[in-house]
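Per chain, numbering begins at 1; letters A, B, ... match sequence-line order.
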Amino acid sequence: MNPLDWWLLLAVLLFCIGAFGVLARRNTILVIMSLELMLNAVNIALVAVAQFRAGSAGAGVLFSLFVITVAAAEVTVGLGIVIANYRAKRTVQADRFDEMKG
Amino acid sequence: MPGGDFHPFFFVVIAAWILICGLGVVLFRKIVYSAVSMVFCFLGVAMAYALLNAELVAIIQILVYVGAISVVILFAIMLTEVQGDQFTLFFNRQTVFAAPVAVATCVILAVMLVSSEMTGVGEASLNLSVRELSELLFNRYVFPFELVSLVLLGAMIGAIVLARGEGEKR
C-alpha cells in the first residue's frame, strides 16, 4: 500500500464512524454532528488524492473548500430546523417527530 | 515527494487521534461530551491537512469548523438540551441495524481501496501556493464561487426564519 491508500483508509474509517452515528443515534443534533464527521472524511479523501496525484491543478483543494462552505450552510439550516422542532415539541429526539406517521 | 513526505509516525498519531475522537462523538452518552470530542476531531483533521501540505485547507478547517461550526452546535445544545430525558439511552434497537451496516460499508470500501490500482499516484504533483489557488478560484472556478455565496445567503435567511419561529411577531 502506498501512502495515498493509508490516507484513503483513514477517510473510509471516519466516514463509517459518521455513518454509524447518523444511523444509530436519535438525538437530531448528534445526527448533524455525525454528518459533519462524514463530510470531513470526504474532505480528507479529496485533499489526499489532490496532493498525491499529478495534474489535479488545485481542484481537490478548492473543492474541499466548497464542501466546507456548503457544510457550514447545512449546519445552520439543520440546527434552525432542530430548534424550530424543539419549540413545537419540546424534544430533539428523532423518534418523537412522528406527525407524518401513517 | 508529493503530498509531503509520508511520516508513518505522525500519520499513525493523527489517524488514531481522529478515529478515537470520532468514536467519542458517536459513542458518548452525554451530548456535550460528544460536542467537545467533535471539536478535537476537527482539530485532528486540520492536522491531517497540514501533514498533507495543504496549509490553506488546514487554516480554513480551524477557522470554520473549530471556530464557527462547533460554537453553533454548542449553542444549539445549550438551547435544546432536556435534563433527565429518558430517551438518551444509547443502545437502542437502531444500534442493532446500524452497526452491521456501518461495518459492512467499511469493509466493502476498504476491500475496494486495497484491490484497486490507481494510476499516476506518486508522480510529482504541483503543490500550489495560496496565490495560485486564488487565481484558480477567481478565474476557472468563479462560477461555483458565486454559487456558493448564493447558497450561504439562502442558508442565512433560512436559518433566521426557521429559528425565529412563526408565531412571534416582532
When hydrophobic residues are tied together by side-chain contacts of less than 4.5 Å, even through go-betweens, does Val66(B) share a cluster with Leu37(A)? yes
Show which residues join Phe75(B) in its hydrophobic cluster (side-chain heavy-atom contacts under 4.5 Å, direct or indirect), or state none. Val71(B), Met78(B)
Segment of Ser64(A) engaging chain B (4.5 angstrom heavy-atom cut-off): side chain
Which atoms of Ala99(B) are under 4.5 Å from chain A, going by heavy atoms: the side chain, the backbone, both sets, or neither? both
Between Tyr49(B) and Leu56(B), does the side-chain contact (heavy atoms from CB on, under 4.5 Å) criterion hold? Intermediate values first, please. CA-CA 9 Å; Tyr49(B) 294 146; Leu56(B) 181 68; over 6 Å; no
If hydrophobic clusters are built by linking Ile, Leu, Val, Met, Phe, Trp and Tyr wherever their side-chain heavy atoms come under 4.5 Å apart, do Phe138(B) and Phe143(B) end up in the same one? no
Asn43(A) versus chain B, the contacting section by heavy-atom distance below 4.5 Å: both
CG/Leu133(B) to CG/Leu62(A) distance, rounded to the nearest 0.5 angstrom? 5.0 Å
Part of Leu65(A) lying under 4.5 Å from any heavy atom of chain B: side chain
Which portion of Leu79(A) sits near chain B, non-hydrogen atoms under 4.5 angstrom: side chain
Could you have a look at Asp5(A), Val75(A), Ile68(A) and say which one has the most heavy-atom pairs with chain B under 4.5 angstrom? Ile68(A)
For the candidates Asn85(A), Thr76(A), Val70(A), Val47(A), which exhibits the highest count of non-hydrogen atom pairs separated by less than 4.5 Å from chain B? Val47(A)
Looking at side-chain heavy atoms only, is the closest gap between Asp98(A) and Lys89(A) below 4.5 Å? yes
Can you hop from Trp7(A) to Val111(B) via hydrophobic side chains spaced under 4.5 Å? no
Could you give me the CA-CA distance, side-chain angles and deciding distance for Thr28(A) and Gln93(A), then say whether side-chain contact (heavy atoms from CB on, under 4.5 Å) is met? CA-CA 6 Å; Thr28(A) 37; Gln93(A) 306 296 324; over 6 Å; no
Below 4.5 Å from any heavy atom of chain A, which atoms of Tyr65(B) appear? Answer side chain, backbone, both or neither. side chain
With a 4.5 Å cut-off on heavy-atom pairs, point out which of Val57(B), Leu109(B), Thr105(B) contacts chain A the most. Val57(B)
What option among Val151(B), Ile14(B), Ile31(B) has the most heavy-atom pairs under 4.5 Å with chain A? Ile31(B)
Most chain A-contacting option - heavy-atom pairs closer than 4.5 Å, from Pro8(B), Ala159(B), Gly22(B), Cys106(B): Cys106(B)
Got Phe42(B) and Asn40(A) here, is their nearest side-chain heavy-atom distance under 4.5 Å? yes
Is it possible for you to say whether Val13(B) and Leu9(A) belong to one hydrophobic cluster, with membership spreading through side-chain heavy-atom contacts below 4.5 Å? yes
Share the residues that join Met38(A) in a hydrophobic cluster, the rule being Ile, Leu, Val, Met, Phe, Trp or Tyr side chains under 4.5 Å apart at the heavy-atom level. Phe15(A), Val22(A), Val31(A), Leu35(A), Val42(A)
May I ask you to name which of Pro144(B), Gly158(B), Cys41(B) has the most heavy-atom pairs under 4.5 Å with chain A? Pro144(B)
Name the option with the most non-hydrogen atom pairs under 4.5 Å to chain B; the candidates are Ile32(A), Ile44(A), Leu13(A). Ile44(A)
Highest number of heavy-atom pairs under 4.5 Å with chain B among Ala71(A), Ala19(A), Ala73(A), Gly21(A) belongs to Ala73(A)
Region of Val25(B) in contact with chain A, defined by heavy-atom distances below 4.5 Å: both
From the list Val64(B), Leu147(B), Val103(B), Leu137(B), the residue making the most non-hydrogen contacts under 4.5 Å with chain A is Leu137(B)
Highest number of heavy-atom pairs under 4.5 Å with chain B among Val82(A), Ile83(A), Ile81(A) belongs to Ile81(A)
